[in-house]
Participant: 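Before anything else, here's the structure in question.
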Amino acid sequence: MLVQIIAQNIRRHRIGGLTASQRRLASARSGRICCRRQGRKVGSLVVLGSLLVLAGCSGPLSTLDAAGRGAERIATLFWWLAASAILIWVAVIGLTVYAVRLRPEPHSQRAAKLLIIGGGVALPTLVLAGYLVYGLSLLPDLLQPAPPGSLRIAVTGEQWWWRVRYLAPDGEAVELANELRLPVGEPVEVLLDSPDVIHSFWIPSLAGKLDMIPGRVNRMALEPTKTGVFQGACAEYCGTAHALMRFYVAVEEKEKFARWLARQKQPAQAAAGPLARRGQELFLANGCGACHAIRGTPAEGVIGPDLTHVGGRLSLGAGILPNEADDFLRWMARTEDLKPGVHMPSFGMLPTQHLRALAAYLDGLE
Amino acid sequence: MQGGLTMERVAEKNENLWLMVVSPGIWAAHFLLCYSTTAVWCAKVVGRDGPLGEARMAIAIYTVLALAGIGIVGWIAARRQSYGSETVPQAFDTPGERHRFLGFVTLLLSALSAVATAYVGLTALFIQTCH
């Protein structure tokens, strides 16, 4: 329709000042040429648009670029749904063209009734029933808990960051924040809860999302099938900094993962160099240890993220900054600007040399 | 004269309007019963790792009963809808027409409720545990 209107306008514009026969001739020629040209333009726009849309299917936050068992199933379901939606769309548009262009004359009552009852009542009921059965048949497997003896990770949705605790079979927990590392090809049980408001834990590349509800522990089984770094996000509006509540997920080979976990269990390494040592003194002197813990030092706060190995993490401030010394400095000096609503106060009042020393200390905690 | 006679024979009572909401009511009651039975079963009886077992059986029984109830309402509605010699309800303002029209609406709502009830019941066919 739009193509026709554009083509007609162009035709009208071009053929002013000609005789009637010339106009007719020009109209017929230019009509063909313009339509062809317009058609090509629209065609390339459609191709470009489709490419742009399809480009959104990949990336570290896409279910369609699946890297886990749950996400693979969900992606298959999505493609089936998309395919049948396109099929239904083509059929409806085809019928419209048929009714308006090909055979606009009245049809028999019987044929009309058959189309309305068949296409409007029976077909949707059957198609929806088919999809319901398919969707329900996927559920038992998606909801299946990880087998006993699997690695267990407790993730708590805080305002607005993620407290992550790797639970050892003996009950000991290794705490970190805003980051998950998982061994590839192994089922993992994730226990989700929240102390105050509802969040939703979602790693699109690995599995579906699940709410974190105060007062109960929800369980999710993750089974990554590919190594790589993916992202997760809070998928339920939880407050001011909801959109800045992200995290990274690194899926690694089993040996690499085991080495990483063993390192996480260790207390923090000693500050190396005079600047970092000064940073450690300042960390304690400025009361940072009231909220943050750095195992192996007097800092034992439990309100904020555990910083024992913060320098080795993939991001800062719950997935919103890279992890370099400069980013530590920015985060401490402008916390509230970077993350409105954050419970940590900005420490911009400290002299820059102090902030630099603190940043060097924290960056060195790998 | 004809209208007068018809009015006498099919004078609508309040019950006729109530019949219209019976089928959607059965669907709602069925949904609520399935939901609460499963919730109580998983929370209080077998725990979150337990099997649905008897709760699935209960849902199957609820579904059969609900579909039977909706079927009866649909049958009554079909009879009302086909009252007289007209085949399709028309929009005339006569008691006979109202009778047919209410029957037709009740029949359509019954069909919709039956599909919805069957969809709810389908869940119990696939989900076997409290996970």
Side-chain angles (χ1 to χ4, degrees), chain A residues 69-70 73 77 108-110 112-114 116-150 152 154 187-193 207-213 215-223, chain B residues 23-24 27 30-31 34-35 38-44 46-53 55-56 59-60 62-63 66-67 70-71 74 77-78 81-82 86-90 104-131:
Chain A
R69 237 163 51 89
R73 309 259 157 131
L77 176 64
S108 75
Q109 281 259 338
R110 200 181 137 73
K113 228 182 212 175
L114 199 73
I116 291 170
I117 295 175
V121 180
L123 190 69
T125 308
L126 289 176
V127 169
L128 288 177
Y131 270 108
L132 182 65
V133 167
Y134 178 38
L136 286 172
S137 70
L138 288 180
L139 273 182
D141 201 38
L142 286 175
L143 299 177
Q144 187 73 28
S150 303
R152 291 162 78 228
V188 174
E189 182 168 62
V190 186
L191 305 164
L192 305 167
D193 73 341
K209 58 188 164 193
L210 195 59
D211 279 4
M212 310 171 106
I213 300 166
R216 65 172 283 135
V217 178
N218 278 339
R219 293 178 313 180
M220 174 188 261
L222 292 177
E223 193 177 331
Chain B
S23 291
W27 160 77
H30 172 263
F31 183 85
C34 291
Y35 197 107
T38 316
V40 171
W41 179 264
C42 288
K44 301 289 179 195
V46 294
R48 66 193 303 177
D49 288 317
L52 275 183
R56 288 175 81 203
I59 291 173
Y62 298 157
T63 307
L67 287 176
I70 292 170
Q81 187 239 325
S82 58
E86 301 282 344
T87 50
V88 184
Q90 307 289 336
F104 187 54
V105 171
T106 310
L107 182 64
L108 291 184
L109 281 173
S110 297
L112 188 65
S113 305
V115 170
T117 305
Y119 280 7
V120 173
L122 260 182
T123 316
L125 268 186
F126 291 91
I127 312 290
Q128 300 184 4
T129 63
C130 291
H131 299 145

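Throughout, protein chains are lettered first and strands after them, A, B, ... in sequence-line order, and every chain is numbered starting at 1.
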Participant: Who among L136(A), L132(A), L143(A) has the most heavy-atom pairs with chain B under 4.5 Å?
Facilitator: L136(A)
Participant: Tell me, for V133(A) versus chain B, whether the close heavy atoms (under 4.5 Å) come from the side chain, the backbone, both or neither.
Facilitator: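 Its backbone and side chain both get close to chain B.
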Participant: Compare all side-chain heavy atoms of H131(B) with those of P145(A) and state whether any distance is below 4.5 angstrom.
Facilitator: yes
Participant: What residues of residues 112-120 of chain B sit under 4.5 Å from chain A when only non-hydrogen atoms are counted?
Facilitator: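 Heavy-atom contacts from residues 112-120 of chain B to chain A are V115(B), Y119(B).
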Participant: Flag yes if more than 12 heavy atoms outside Y131(A) fall under 6.0 Å of its OH atom; otherwise flag no.
Facilitator: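 Above 12, so yes.
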Participant: Is it the case that more than 12 heavy atoms not belonging to F126(B) sit under 6.0 Å from its CZ atom?
Facilitator: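 More than 12 within 6.0 Å, yes.
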Participant: To the nearest 0.5 angstrom, please state how far the OG atom of S137(A) sits from the CG atom of L125(B).
Facilitator: 11.5 Å
Participant: Would you give the length of the straight line joining atom CZ of R48(B) to atom CZ of R219(A), rounded to the nearest 0.5 angstrom?
Facilitator: 4.5 Å
